[in-house]
Number of protein chains: 2
Amino acid sequence: MADILTDTPETPDLDACQSETDRLVACAELLFFAYRDFTGEPDAVLEQYGFGRAHHRVLHFVYRNPGLRVARLLDILKITKQSLARVLKQLIDTGFIIQRTGPQDRRERQLFTTEKGSALAETLTNLQVKRLAQAFADAGEGADKATRDFLLAMISQDQRQDVERLTRCRDHAKNHASEKDMLDNDPTSVSTNKD
Amino acid sequence: MADILTDTPETPDLDACQSETDRLVACAELLFFAYRDFTGEPDAVLEQYGFGRAHHRVLHFVYRNPGLRVARLLDILKITKQSLARVLKQLIDTGFIIQRTGPQDRRERQLFTTEKGSALAETLTNLQVKRLAQAFADAGEGADKATRDFLLAMISQDQRQDVERLTRCRDHAKNHASEKDMLDNDPTSVSTNKD
DNA sequence: CCAAATATGTCAACATGGCTGACATATTGA
DNA sequence: TCAATATGTCAGCCATGTTGACATATTTGG
């Protein structure tokens, strides 16, 4: 093992008991624990709505990207149509997300969060943003920039650009479907659901 | 929303198009994508053995903490006994992990990776360590320290110390059950399985 | 020494959220 | 008008989390 990164002879004082590889293994473990706690609080809230983490992802990306199409959502989440359909249907049936026929191409379904959906999305995001802000504060000066660079670099090369585009400069604020929008484009005319 | 962290008026040039909250939301998303790719390569290898990510976790922590007891493993993974039993049994039945009766307390089962188990654990760890090393290289000077601090800070306060103890200064190297060990303490005398 | 506590194993049953493959519908565009 | 496209839907499988109950071996304390 340890042949990808031979232990540096000049092991620094900090973490003197660990080799370079050991530090990276520790990082892998930290990532596991950190991610678990990162998702823990939202999961607890979602449970009260009968939702799971999959619902969170859908709700989040729709909220942050109003008008998102189903095909794009599949591409972002990299799950199958069936996996998405299950949770998306629940979010639509319970009034957290609405869909409208695409104004140009009527085959398309544009997804939007309702007021209720936006509120939940923000509640969940707040939990994670607070935790991130606190963690960066604890980690000290410059940790946020370094961490963002690190996280981006952890993403497979062929998707980095796509993710970067997705995560930057979006029209995120207060974008839930309003009453007047619903008049313009009745979502019931689109739905194939009978209930 | 955005009331937890009001947007700083002095938004720096870097990422000038994003508010502070937006940058944190971007971090949340990056964490999702990064974690997915972080687990992607090991998952693909595990599939060839008929294993999943749950097996990886068990194998990993047993490999890195030879002699680990079941109760401790439950505490680390924070899953139920049944969830662990399912994957652990498979790992034992297929010869990746063995268990021995505790030398002091014979109720205990100490877990060890076999040579085969150690090899797989290292293969999987190598994939993740390589990715981490490359990401830190890409992210530039000091990213590793900052990221480790960040990840630790992301872990819930009440578990941080425990995790820190777990991830530092372990007797990790080449610790698989050897032939002579098996003579000292026959694992078959412990098993309640008939097959 | 026996009884309670402990460590582990095991069972049935259930939920979530991945997956496949097939097929239906509406709509667009050549 | 017909092929391609975007979406919806169905049946069923798998992995991995959950609960609660119960069995067994072993240790330990009164």
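Labels below follow one simple rule: chain letters A, B, ... track the order of the sequence lines, proteins then strands, and each chain is numbered from 1. Everything numeric in this text was worked out from a predicted model, so none of it was measured.
- Looking at residues two or more places apart in sequence or on another chain, you find no side chain to side chain donor-acceptor pair (under 3.5 Å) involving A:Gln159.
- A:Asp149 is linked by a side chain to side chain donor-acceptor pair (under 3.5 Å) to A:Lys145, counting only residues two or more places apart in sequence or in another chain.
- Using a 4.5 Å heavy-atom cutoff, the side chains of B:Glu20 and B:Leu24 are in contact.
- Regarding A:Arg36, its CZ atom lies at a distance of 16 Å from the P atom of D:dT16, rounded to whole Å.
- The distance between atom CZ of A:Arg69 and atom C1' of D:dT7, rounded to the nearest whole Å, is 10 Å.
- If you measure from atom CZ of A:Arg72 to atom P of D:dT5, you get 19 Å, rounded to the nearest angstrom.
- The side chain of B:Gln99 contributes an N or O atom lying less than 4.0 Å from OP1 or OP2 of C:dG9.
- Atom CG in A:Asp105 sits about 12 Å away from atom C1' in D:dA4, given to the nearest Å.
- Atom-to-atom, CD of A:Glu47 to P of D:dG17 comes out at 16 Å; the value is rounded to the nearest Å.
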Show every donor-acceptor pair shorter than 3.5 Å between a side-chain atom in residues 46-54 of chain A and any protein atom, with sequence neighbours excluded, or say none if there are none.
residue: A:Arg53; atom: NE; partner: A:Asp43; partner atom: OD1; Å: 3.4
residue: A:Arg53; atom: NE; partner: A:Asp43; partner atom: OD2; Å: 3.2
residue: A:Arg53; atom: NH2; partner: A:Thr39; partner atom: OG1; Å: 3.3
residue: A:Arg53; atom: NH2; partner: A:Asp43; partner atom: OD2; Å: 2.7

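- Listed by first then second residue, pairs satisfying ring-ring contact (aromatic ring centres under 6.0 Å, His included) with a partner in residues 123-142 of chain B read A:Phe150-B:Phe136, not counting sequence neighbours.
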Checklist outcome for this item: Contact string for nucleotides 14-26 of chain C, one letter per nucleotide 5' to 3', B = base within protein heavy-atom range under 4.0 Å, S = sugar-phosphate only, - = neither, reads ---BBBB-----B

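- The residue A:Gln104 sits close only to the backbone: its heavy atoms come under 4.0 Å of sugar-phosphate atoms, none of a base.
- Residues that satisfy the side chain to side chain donor-acceptor pair (under 3.5 Å) test with B:Thr80, not counting sequence neighbours, are B:Ser83.
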